[in-house]
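These values consider heavy atoms only, across backbone and side chains, with no hydrogens, waters or symmetry-generated copies. The chains referred to below are lettered A, B, ... by the order of the sequence lines, with proteins before strands, and numbering in each begins at 1.
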Amino acid sequence: MELQRLPGFRDFYPDDRAWLNYIFDCWRKTATSFGFSEYDGPTLEASDLYRKKSGEELKTQLFRFVDQGDRDVCLRPEMTPTLARLVAAREREFKKPIKWFSIASFFRFEKPQKGRLREFFQVNCDLIGDNSVAADAELISLAVQMLRDFGLTGQDFYVRLNDRRLWSEFLKRRKIDLSRTTEFLNIIDKLEREEKDRTAQKLGTFGLTLDDIQEFLRTPGEQLPGFEDLFRELQWRGVAEYCQLDLTVVRGLDYYSGIVFELFDRGKENRAIAGGGRYDQLISVISDGAVDLTAAGFAIGDVVLRNLLEELNHARAIAQERMTGRGLRGYMVIAAESHRPEAIKLATRLRSAGISIDFPLEPAKVGKQFQAAESLGARYAIVIGQEWPEVRLKDLRKRAETAVPEAELESALKSEN
RNA sequence: GUGGUCGUAGCUCAAUGGUAGAGCCCUGGAUUGUGGUUCCAGCUGUUGCGGGUUCGAGUCCCGUCGGCCACCCCA
């Protein structure tokens with residue numbers, strides 16, 4: 001019996017790692033283009049960091065243990081508390097608004113299934129110290145752009161947008177105890193999935209009926225000042241058409257205080273690709289009131305995203321193209337072993353110039369070497385033979401071969417085509 | 001945590017309860033300086049693991065560990 005991989009964890013063989021790199025590169029490029037700076041934090045955090053902001057149920061989903069120093073620690077299940085800690089600790093060093101992103105791995109002890117594993121990666125983008133609707137719009141716009149950069153379109157995904165304050169107002173107006181907000185939002189969250197009877201029964205404990213809710217759902221968000229401003233901001237950014245108001249989107253986390261949104265794929269699966277919102281009180285809570293900064297952010301996970309990119313033909317084609325573009329530039333075919341020393345010196349020089357080069361470590365037949373070049377995905381074969389110092393440069397895609405003096409090889413390999 | 005379903009070669013899968021196979025991949029070769037095709041040969045298994053029924057179990061039964069899916073939960 002061989003050693004097994006832990007359930008919910010993945011190996012990343014080169015093909016898988018290429019996918020991950022492609023996704024990371026895309027995330028990083030887009031976040032940077034919006035003026036966000038990359039940061040990171042530790043993978044392991046004190047358990048208290050997560051207890052401060054959440055309920056008791058959390059602990060079954062944490063990778064939690066006591067270290068050799070008798071500290072109660074957790075593998076991070078999300079980035080936001082770490083971010084809040086970082087910002088709270090050195091808040092005055094950074095000009096506002098703080099626009100940061102990170103690409104990191106997270107751990108949750110859950111039952112693995114489609115789109116949900118025990119270790120996964122997320123890009124987290126947060127905008128801190130600005131509570132304008134422009135900040136909200138900026139984040140939504142960034143989330144949309146991040147998906148568009150993978151070749152996804154409005155045909156593939158859309159944004160479900162809501163503001164929790166709409167429900168807060170709703171509760172206030174009906175004189176319902178606001179301390180039960182979380183309980184209430186949980187019912188709203190399940191509105192589409194749970195049986196109507198069950199929902200009605202739960203609502204009954206609030207003195208509400210299903211009709212009360214349905215009626216409120218039909219009335220758009222003009223009841224909250226600022227929502228029109230938000231949509232105007234979204235329009236300026238060209239992302240309003242991706243968004244639709246959906247009051248049933250509330251998101252599970254307690255700490256969301258304003259807008260919340262999720263990006264869904266339009267396929268029948270309808271899974272959330274990304275989610276986020278405004279959490280104006282969290283930094284204050286984490287820092288025990290020392291620092292009070294408004295904030296909003298979102299995260300995109302790698303698992304659902306990759307599933308989706310592989311399912312959609314156009315997105316998969318783009319991914320394949322961008323991933324193979326980074327292959328080997330030249331494979332050196334050493335046809336004359338007597339020139340191996342020169343060949344290796346040449347390869348070393350080309351590599352120093354940033355050109356990816358490989359060659360056989362031991363003598364091999366020329367045919368074999370060409371096969372190797374082919375299977376390694378090399379763009380060019382460089383044949384080192386008796387003609388040295390002249391070499392033969394063969395374009396493996398075009399199947400065309402030319403003679404090139406070795407001194408000119410570098411520029412020949414660098415020229416685009 | 002609950003339920004369904006599936007575990008056979010590295011991968012994808014065959015095998016009415018009766019001697020475990022194919023394709024792909026990989027390795028080597030096809031008169032020694034040219035690759036996506038082709039041909040030949042070779043390699044690989046405690047049929048996930050442990051019990052049970054049977055003359056005989058990959059096949060039937062129980063347990064267990066995994067995978068997938070749904071529920072729960074979702075940061």
Side-chain angles (χ1 to χ4, degrees), chain A residues 1-11 13 15 45 49-51 53-63 74-84 104-118 120 122 124 126 182 185-186 189-190 193-195 249-256 260 262 269 271-272 274-277 279 282 297-301 303-304 307 331-339 363-388 391-401 403:
Chain A
M1 164 117 175
E2 69 186 275
L3 286 168
Q4 284 182 323
R5 202 174 50 220
L6 255 27
F9 285 78
R10 290 171 289 175
D11 294 319
Y13 287 88
D15 280 354
E45 289 274 19
L49 183 63
Y50 306 108
R51 221 177 311 169
K53 57 132 209 172
S54 309
E56 286 301 308
E57 293 191 31
L58 201 70
K59 64 185 175 214
T60 58
Q61 294 175 4
L62 288 170
F63 271 93
C74 292
L75 288 168
R76 62 183 169 199
E78 60 163 325
M79 200 50 155
T80 309
T82 295
L83 172 64
S105 58
F106 300 95
F107 305 84
R108 295 176 196 172
F109 197 85
E110 294 184 291
K111 187 112 173 172
Q113 57 189 274
K114 188 167 192 181
R116 180 208 252 175
L117 300 169
R118 288 182 173 178
F120 55 94
Q122 280 185 346
N124 275 259
D126 293 271
T182 301
L185 291 178
N186 207 271
D189 186 37
K190 289 192 173 65
R193 287 164 295 170
E194 198 152 60
E195 293 167 27
V249 174
V250 298
R251 311 233 356 113
L253 279 177
D254 285 359
Y255 59 65
Y256 286 118
V260 287
E262 293 183 336
E269 302 295 330
R271 300 160 300 195
Y279 52 96
L282 182 63
F298 71 90
I300 305 177
V303 183
V304 172
N307 284 346
Y331 189 88
M332 205 165 262
V333 173
I334 303 177
E337 275 299 320
S338 60
H339 289 296
K365 292 183 179 175
V366 171
K368 278 281 175 231
Q369 297 190 54
F370 269 89
Q371 278 173 16
E374 182 68 36
S375 71
L376 291 171
R379 180 61 207 280
Y380 293 97
I382 302 155
V383 183
I384 308 295
Q386 299 302 341
E387 313 82 17
W388 182 268
V391 304
R392 303 195 70 79
L393 181 62
K394 183 161 187 178
D395 186 324
L396 291 175
R397 202 185 301 168
K398 295 177 182 166
R399 319 199 69 157
E401 186 171 307

Participant: Taking atom types as they are modelled, is there a donor-acceptor pair under 3.5 Å from the base of B:C73 to the side chain of A:Arg108?
Facilitator: no

Participant: Quick one: label A:Gly8 by what it contacts on the DNA or RNA (base, sugar-phosphate, nothing), any heavy atom closer than 4.0 Å.
Facilitator: sugar-phosphate

Participant: Using only heavy-atom distances, decide whether a donor-acceptor pair under 3.5 angstrom links the side-chain of A:Arg397 to the base of B:G35.
Facilitator: no

Participant: Using the P atom as the reference point in each nucleotide, state the distance between B:U19 and B:U47 in Å, no decimals.
Facilitator: 15 Å

Participant: Contact class for A:Glu387 vs. all strands (heavy atom < 4.0 Å): base, sugar-phosphate, or nothing?
Facilitator: base

Participant: Let me know the distance between OH of A:Tyr256 and P of B:C74, rounded to the nearest Å.
Facilitator: 13 Å

Participant: Roughly how many Å apart are B:G10 and B:G36, using the C1' atom of each and rounding to a whole number?
Facilitator: 23 Å

Participant: Suppose you measure atom P in B:G33 against the same atom in B:U38; what distance do you get, rounded to whole Å?
Facilitator: 25 Å

Participant: Can you tell me, in whole Å, how much space there is between the P of B:C6 and that of B:G48?
Facilitator: 14 Å

Participant: Both distances below 3.5 Å, Watson-Crick or wobble geometry, any strand: find the nucleotide opposite B:G35.
Facilitator: none

Participant: Classify A:Asn124 by what it touches in the nucleic acid, base, sugar-phosphate, or nothing, heavy-atom distance under 4.0 Å.
Facilitator: nothing

Participant: Of all the nucleotides listed (B:G29, B:C68, B:G33), which has the minimum atom distance to the side chain of A:Pro112?
Facilitator: B:C68

Participant: Which of the following nucleotides, B:G33, B:C73, B:G35, is nearest to the side chain of A:Glu110?
Facilitator: B:C73

Participant: Does any part of the side chain of A:Ile384, heavy atoms only, come nearer than 4.5 Å to the side chain of A:Met332, both counted from C-beta?
Facilitator: yes

Participant: Let's see if you can work this out: which of B:G67, B:G36, B:C73 has an atom nearest to the side-chain heavy atoms of A:Gln61?
Facilitator: B:C73

Participant: Which nucleotide, in any strand shown, forms a Watson-Crick or G-U wobble pair with B:G1, with both distances under 3.5 Å?
Facilitator: B:C71

Participant: Partners of A:Arg251 by salt bridge (Lys or Arg N to Asp or Glu O under 4.0 Å), sequence neighbours excluded?
Facilitator: A:Glu262

Participant: B:G42 pairs with which nucleotide, Watson-Crick or G-U wobble, both distances below 3.5 Å?
Facilitator: B:C26

Participant: Taking atom P in both B:C13 and B:C68, compute the distance separating them and give it to the nearest angstrom.
Facilitator: 14 Å

Participant: Would you classify A:Val383 as touching base, sugar-phosphate or nothing, given that sugar-phosphate means primed atoms plus P, OP1 and OP2, and contacts are heavy atoms under 4.0 Å?
Facilitator: base

Participant: Have a look at A:Arg251 and say if it touches a base, only the backbone sugar-phosphate, or nothing, with a 4.0 Å heavy-atom cut-off.
Facilitator: sugar-phosphate

Participant: Please tell me if A:Gln113 has a side-chain N or O lying less than 4.0 Å from either OP1 or OP2 of B:A70.
Facilitator: yes

Participant: Looking at A:Lys111, does any N or O in its side chain come under 4.0 Å of the phosphate oxygens OP1/OP2 on B:C71?
Facilitator: no

Participant: Take atom C1' in B:A20 and the same atom in B:G58, then report the distance between them in whole Å.
Facilitator: 8 Å

Participant: Answer yes or no: is there an ion pair linking A:Arg76 with A:Glu45, defined by an N-O contact shorter than 4.0 Å?
Facilitator: no

Participant: Does NZ or CZ of A:Arg118 lie under 6.0 Å from the centre of the six-membered ring of A:Phe109, at an angle within 45° of the ring axis?
Facilitator: yes

Participant: I'd like to know if A:Gln369 reaches the base of B:U34 with its side chain such that a donor and an acceptor end up less than 3.5 angstrom apart.
Facilitator: no

Participant: Does any nucleotide pair with B:G63 by Watson-Crick or G-U wobble geometry, both distances under 3.5 Å, and what is it?
Facilitator: B:C49

Participant: B:G45 and B:C39: how far apart are their C1' atoms, nearest whole angstrom?
Facilitator: 28 Å

Participant: Taking the minimum atom-to-atom distance to the side chain of A:Pro7, which one of B:G67, B:G29, B:G33 wins?
Facilitator: B:G67

Participant: When you get a sec, tell me which of B:G35, B:G67, B:G33 is the closest nucleotide to the side chain of A:Glu374?
Facilitator: B:G35

Participant: Would you kindly give the CZ-to-P distance between A:Phe9 and B:C68, to the nearest whole Å?
Facilitator: 13 Å

Participant: Roughly how far apart, to the nearest Å, are B:G63 and B:U53 at atom C1'?
Facilitator: 15 Å

Participant: Give a yes or no on whether a donor-acceptor pair under 3.5 Å exists between the nucleobase atoms of B:U34, that is its base, and the side chain of A:Lys394.
Facilitator: yes

